[in-house]
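I have placed the structure first, in the form of structure tokens, so that the comments after it can refer back to it.
Chain naming here is simple, since letters A, B, ... match the order of the sequence lines and numbering starts at 1 in each.
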Amino acid sequence: MIDVRLVRDDPDRVKAALGRRGFPAADVDAIASADREHRAVLARQESLRARVKSLSREVGEARRTGDAEAAGALADESRRVGEEEKAAAREADRLAADLRTLLLLTPNLPADDAPDGTGAEDNVVLRRWWPGHDDGTPEPAAEDHQRVPHWDVGSSLGILDMAAGARLSGSMFPLYRGDGSRLVRALTSFALSRHADAYEEIRPPTLVLTETMTSTGHLPKFADEAYHVERDDLWAIPTAEVPLTSMHRGEILDEGDLPVRLTAVSQCFRREAGAAGRDTRGLLRVHEFEKVELFAYATPPQVAAVHADILSRAEGLLRELGLPYRVVDLCTGDLSTSSARTFDLEVYSPGSDRWLEVSSVSWFGDYQARRANVRYRPADGGATAFVHTLNGSALAWPRIWAALVEWGRQADGAVRLPDVLAPWLGPEPSIRPR
RNA sequence: GGAGGGAUGGCAGAGCGGACAAAUGCGCGGCUCUUGAAAAGCCGUGGGGCUCCGGUCCCCGUGGGUUCGAAUCCCACUCCCUCCGCCA
């Protein structure tokens, strides 16, 4: 959530910033007027409250001095003012709730250096990397035997059974078998091993409270995108970012402990409402998947280095896996609601001839921290301030899995996997027809 | 799921209807003393909203209620602890 004081003090700046992502200026004015109205009623309520308190003190004093008549009169007066105060309090509460609703639905201000644009077509490709060709030499085309979509590779090798997944849970719920399942497990172990030096490994719950989903910005606006367990009012997380952001909810951290860097593997659930039928074959888009996430709470001066670190770790994994990828700087029109700046990593899939998003590395400013109320106390003893949050996938496995089996496919139909996975899959890891 | 106990500041822990943002101890910061340290002594030490910068209001797990007045009384809920039941 953005700071309402920004709207109060410099509405034009907020309008300009939010306008870059297509948010209407009129909605900013609505926030400003809701804020004014709320503060006016609040001020009235508080002065009435102060009056009740001082009258009550006088009642006590009158009683003590034995002046029952005066005490009665004061109590009557206090009761009368109290009634007025209660009405004002109800009004103030209602206005505060209205204001909060407006703020919760307002997206974050984009970073100044995020590229302008209205949609994915305006995103900026910052760089491409091709194994063995990061020196500017021409990128090699994929061989014909690599131009087989992963769903065909998966079913012919018996390592991916989408039909069985559909039988159990409906479409877009993959079921991996045998070496396909081992590959997912190997990728998780591989990624976690690469972050253990600086990021504490967390295994968070997968079902969370409404409050937890609200802190990251996934609620209230995107309720349709998430699975909801109504009986217990719990939500299936779409990413480990959700529980990690709320891990220190309501706490005040010491500046000396920042940045707090966390990594987590979790199942991720996405309803993908409205996405059915488009780009959904095989593992291109699924309802449930596993992902390793990198996450940090940081102070503003630490943000640049932490953001770069998460991005370089995600890129590092792709390089180790030998998968061609590109780094995309998301334009203001394509940023997620909570993000101020996002770099996507996309791997090239030769089987489907498209770039697949496998990671999203974002800086949220204090937008999420304000919703989650995570603050820090500066080392110099100054006033507490909201932390900044950052996160990035490192990485989401279904599309990595897809790219690996396509790029690794040999002329004989077997799949050769990267040697970096040998610790978990054995030497010269590969998958052969059964 | 059932029975009982609990939730107060960084921590421990008093307060159980009237001047309480809250005793006391510990911790932490500053100062005095000291060659230095320790000990001792003194002083200070929660968060937040609004503000005409004079103030003022809110926060004692959360949300309601009673009262002129609630940390304190009542109700509901959440979480923690002990025991029973169930269970991977």
Atom pairs under 3.5 Å, N or O on each side, protein against nucleotides 85-88 of chain B: can you list them with distances?
none

List every contact pair, protein side and nucleotides 44-47 of chain B side both N or O, where the distance is under 3.5 Å.
residue	atom	partner	partner atom	Å
B:G47	OP1	A:Arg377	NH1	3.0
B:G47	O3'	A:Arg375	NH1	3.2
B:G47	O3'	A:Thr384	OG1	3.4
B:G47	O2'	A:Arg375	NH1	3.1

Short heteroatom pairs, N/O only, protein and nucleotides 15-23 of chain B, under 3.5 Å:
residue	atom	partner	partner atom	Å
B:G18	O6	A:Arg63	NH1	2.9
B:G18	N2	A:Ser56	O	2.6
B:A19	N6	A:Arg64	NH1	2.1
B:A19	N6	A:Arg64	NH2	3.4
B:A19	N1	A:Glu61	OE2	2.8

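Taking atom CG of residue A:Asp93 and atom P of nucleotide B:G63, one finds them 10 Å apart after rounding to whole Å. The distance between atom CD of A:Glu46 and atom P of B:C50, rounded to the nearest whole Å, is 10 Å. Between the CZ atom of A:Arg249 and the P atom of B:G61 there is a distance of 19 Å, given to the nearest Å. The interatomic distance linking A:Asp232 (CG) with B:G1 (P) rounds to 10 Å, in whole Å.
Taking the six-membered ring where tryptophan is involved, the planes of A:Trp424 and A:Phe190 are perpendicular, since the angle between them exceeds 60° and thus also 30°. Between A:Phe173 and A:His287, the ring planes lie tilted relative to each other; the angle falls in the 30° to 60° range.
Scanning for side chain to side chain donor-acceptor pair (under 3.5 Å) contacts around A:Gln267 gives A:Glu288, with sequence neighbours left out. Remark: A:Thr245 pairs with no residue by the side chain to side chain donor-acceptor pair (under 3.5 Å) rule, at least two apart or across chains. When the side chain to side chain donor-acceptor pair (under 3.5 Å) test is applied to A:Thr337, no partner is found at least two apart in sequence or on another chain. Under the rule for a side chain to side chain donor-acceptor pair (under 3.5 Å), A:Arg261 has no partner lying at least two apart in sequence or in another chain. Judged as a side-chain contact (heavy atoms from CB on, under 4.5 Å), and not counting sequence neighbours, the contacts of A:Glu46 are A:Leu42.
Here A:Leu209 contributes atom CG and A:Thr214 contributes atom OG1; the two are 9.5 Å apart, rounded to the nearest 0.5 Å. Atom CG of A:Leu262 and atom CD of A:Glu241 lie 12.5 Å apart (nearest 0.5 Å). Between the CG atom of A:Leu330 and the OG atom of A:Ser360 there is a distance of 6.0 Å, given to the nearest 0.5 Å.
For RNA chain B, the residues of residues 70-88 of chain A within the heavy-atom distance limit of 4.0 Å (strictly under) are A:Ala75, A:Ser78, A:Arg79, sorted by number.
Applying the ring pair (Phe, Tyr, Trp, His ring centres under 6.0 Å) definition to pairs two or more places apart or across chains, none involves residues 7-56 of chain A.
Using atom C1' as the reference point in both B:G13 and B:A71, the two lie 14 Å apart (nearest Å). Across the P atoms, B:A21 and B:U72 are found 14 Å apart, a figure rounded to whole Å.
Close to B:G49, at under 4.0 Å from its OP1 or OP2, lies a side-chain N or O of A:Arg5.
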Salt bridge (charged side-chain N to carboxylate O under 4.0 Å, His left out) assessment of A:Asp76 paired with A:Arg79:
CA-CA 5 Å; A:Asp76 287 346; A:Arg79 192 181 299 116; 3.0 Å; yes
Report all side-chain donor-acceptor pairs from residues 24-34 of chain A shorter than 3.5 Å, counting only partners two or more places apart or in another chain.
residue	atom	partner	partner atom	Å
A:Asp29	OD1	A:Lys15	NZ	2.8
A:Asp29	OD2	A:Lys15	NZ	3.4
A:Ser33	OG	A:Ala30	O	3.3

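The two residues A:Glu293 and A:Ala240 come nearest to each other via the heavy atoms CB-CB, 4.0 Å.
Between the side chains of A:Ser349 and A:Ser352, a donor-acceptor pair is found at a separation under 3.5 Å.
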So what is the 5' to 3' dot-bracket string for RNA chain B, if pairs are Watson-Crick or G-U wobble with both distances under 3.5 Å, crossing pairs use [ ] and | means the partner sits on another strand?
((((((((.[[[..)..(.....]]]((((((.......))))))(((((....))))).[[[[[..)....]]]]])))))))....
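Checking B:C57, B:C50, B:C68 against every side-chain atom of A:Ala50, the shortest atom distance belongs to B:C57.
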